[in-house]
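Residue numbering restarts at 1 for every chain, and letters A, B, ... go by the order of the sequence lines. Values reported hereafter were calculated over all heavy atoms of this structure, with side chains retained and with hydrogens, waters and symmetry mates removed.
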There are 2 protein chains.
Amino acid sequence: MGRRNDHNPEEFNELVLTQVEEFLTHLPASQLSLRKVAKMIGYAPSTLIHTYKNWSMLLLKVNARTLDRLMATLTPLEQKFTDPEQRLYAIAEAYCAFACKQPHLWTLVFEHKLPAGMDIPDWMQHRINQLFSLVANCLTGMNSQVNAEQTLLSANTLWASVHGITLLALDDKLSLNTNTNPNEMLVDLLDNYLLAWKSAQGEKR
Amino acid sequence: MGRRNDHNPEEFNELVLTQVEEFLTHLPASQLSLRKVAKMIGYAPSTLIHTYKNWSMLLLKVNARTLDRLMATLTPLEQKFTDPEQRLYAIAEAYCAFACKQPHLWTLVFEHKLPAGMDIPDWMQHRINQLFSLVANCLTGMNSQVNAEQTLLSANTLWASVHGITLLALDDKLSLNTNTNPNEMLVDLLDNYLLAWKSAQGEKR
DNA sequence: TTGAAATATTGAACACCGTTCGATAAAAGT
DNA sequence: ACTTTTATCGAACGGTGTTCAATATTTCAA
């Protein structure tokens, strides 16, 4: 017992997250447990609880890192595509590509539920807002005649739709066996939705 | 021990599903367990496993009933709306309304994961196909100039998008605090997507 | 330098969970 | 009347997240 003679909170956290991420690149979150993580890093389960408060919070930290990684793949597109429409396509594609490359990490982000009563921490909400802004900014740059309220609605609609398409691509529950390519669906969505949106004259239909 | 003198497989199944559904109209599936169901119906846990093979299969039976209920709210729309476009709007709205009225039942359908290796039974896939057909049929009736392949793609896209919007409406994880009305988003999606789709001349852009 | 406070870490216990299995009682079939 | 099938159970198993008192180490102050 007692303290290890080389303890460093930052390193400890890094050790935990790294091991969890390594696990989730191979196996789904349903097979992960606090006790397994403890064994992987060579600590007792109760030590993990002491530092993360509970299992759910540990997972939330993992999810925050995942969103950071996702953000890191999306931000370069801001410079690469000055045309907001092209950028929106690129973002949607990159988002889906990320989800397909790291399905377990991505799935965990959206399946994870906080314990009842506890609501989402600011540092997590902030990351989500950042991602959402990428989409919203594209729309703002595309048709300046659409008012802010409608733009926000459209951003929500597209955000949710892209999410839904990606979700069905990963585990095609409730989908037909016709394994439709997710990218094809994303392009189809944007093609159709944006065509009407761009020509909107600032009026809701 | 031994057999109850009034045993009837059909009644037993009905008892179980009824109790589970009653539970899920009040509390989320995360709080439900096989042992609780056993206690609710006054049987031993192992009895439930004996009849349903495992916990996952019991939940799948619940989900099948949920899809039946959902289907029952959608099929009347087939007669009520002869115009396929209006019908599509009505279906999307009813779908979302159902999800909002029975969030725990609906959520369970799409969060439930089968054990690895075991794939979805025919009687479940059949129900999903039925629901999907409702959407596909609307599209088929709307623009006969679009080929079958493109129609299938569009049906997939809309299906997934409506699903994503509904999902975000229920637990607005990854959503902004701006609690956008899900019906507003659905109408927005269909307005924009269909406007372009209807005017497509059988050619992919 | 000594003593007190804070911190890190543990192992044992707890209350759950889904599942397995042998025993047993009642029904059904011959 | 006897056998087979079926329904049901209780006990056990290995798993889960969490609590908590105990302990060892470091930190800090007097």
Under 4.0 Å from OP1 or OP2 of dT10(C): is there any side-chain N or O of Ser46(A) that close? no
To the nearest Å, give me how far apart CG (Leu34(B)) and P (dC13(D)) are. 20 Å
Given dG18(C), dT18(D), dT9(C), the nucleotide with the shortest approach to the side chain of Trp55(A): dT18(D)
For the pair Arg127(B) (side chain) and Trp123(B) (backbone), establish whether a donor and an acceptor sit closer than 3.5 Å, ignoring hydrogens and angles. yes
Non-neighbouring partners of Arg35(A) that pass salt bridge (charged side-chain N to carboxylate O under 4.0 Å, His left out), sequence neighbours left out: none
Look at the side chain of Arg35(A) against the base of dG15(D) and say whether a donor-acceptor pair falls under 3.5 Å; ignore hydrogens and angles. no
Atom NZ of Lys39(B) and atom C1' of dC9(D) are separated, to the nearest Å, by 15 Å
Quick check for you: among dA8(C), dC17(C), dT18(D), whose closest atom lies nearest to any side-chain atom of His50(A)? dA8(C)
Measure from CG on Leu48(A) to P on dG11(C) and round the result to the nearest Å. 13 Å
So, does Tyr89(B) use its side chain to make a donor-acceptor pair with the main chain of Leu186(B) at under 3.5 Å? no
Can you tell me how far P of dC21(C) sits from NZ of Lys53(B), to the nearest Å? 11 Å
Heavy atoms from other residues, nucleotides or ligands near CD of Glu21(B) exceed 12 (cutoff 6.0 Å): yes
Run the ring-centre check on His163(B) versus Phe110(B) and record whether the distance is less than 6.0 Å. yes
Among dT10(C), dT18(D), dT16(D), which is the nearest nucleotide to the side chain of Pro45(A)? dT18(D)
Rounded to whole Å, please give me the gap between CE in Met118(B) and P in dT19(C). 10 Å
Quick check on DNA chain D: between Leu32(A) and Gly42(B), whose nearest nucleotide comes earlier from the 5' end? Gly42(B)
Is Thr47(A) close enough to dA8(C) that one of its side-chain N or O atoms is under 4.0 Å from OP1 or OP2 there? no
Rounded to whole Å, CG of Asn8(A) lies from P of dT7(C) at a distance of 15 Å
Grab the CG-P distance between Leu58(B) and dC17(C) for me, whole Å please. 14 Å
Whole angstrom is fine here: how far is it from CE in Met57(B) over to C1' in dG18(C)? 15 Å
The nucleotide from dA7(D), dG11(C), dT18(D) with an atom nearest the side chain of Ile49(A) is dT18(D)
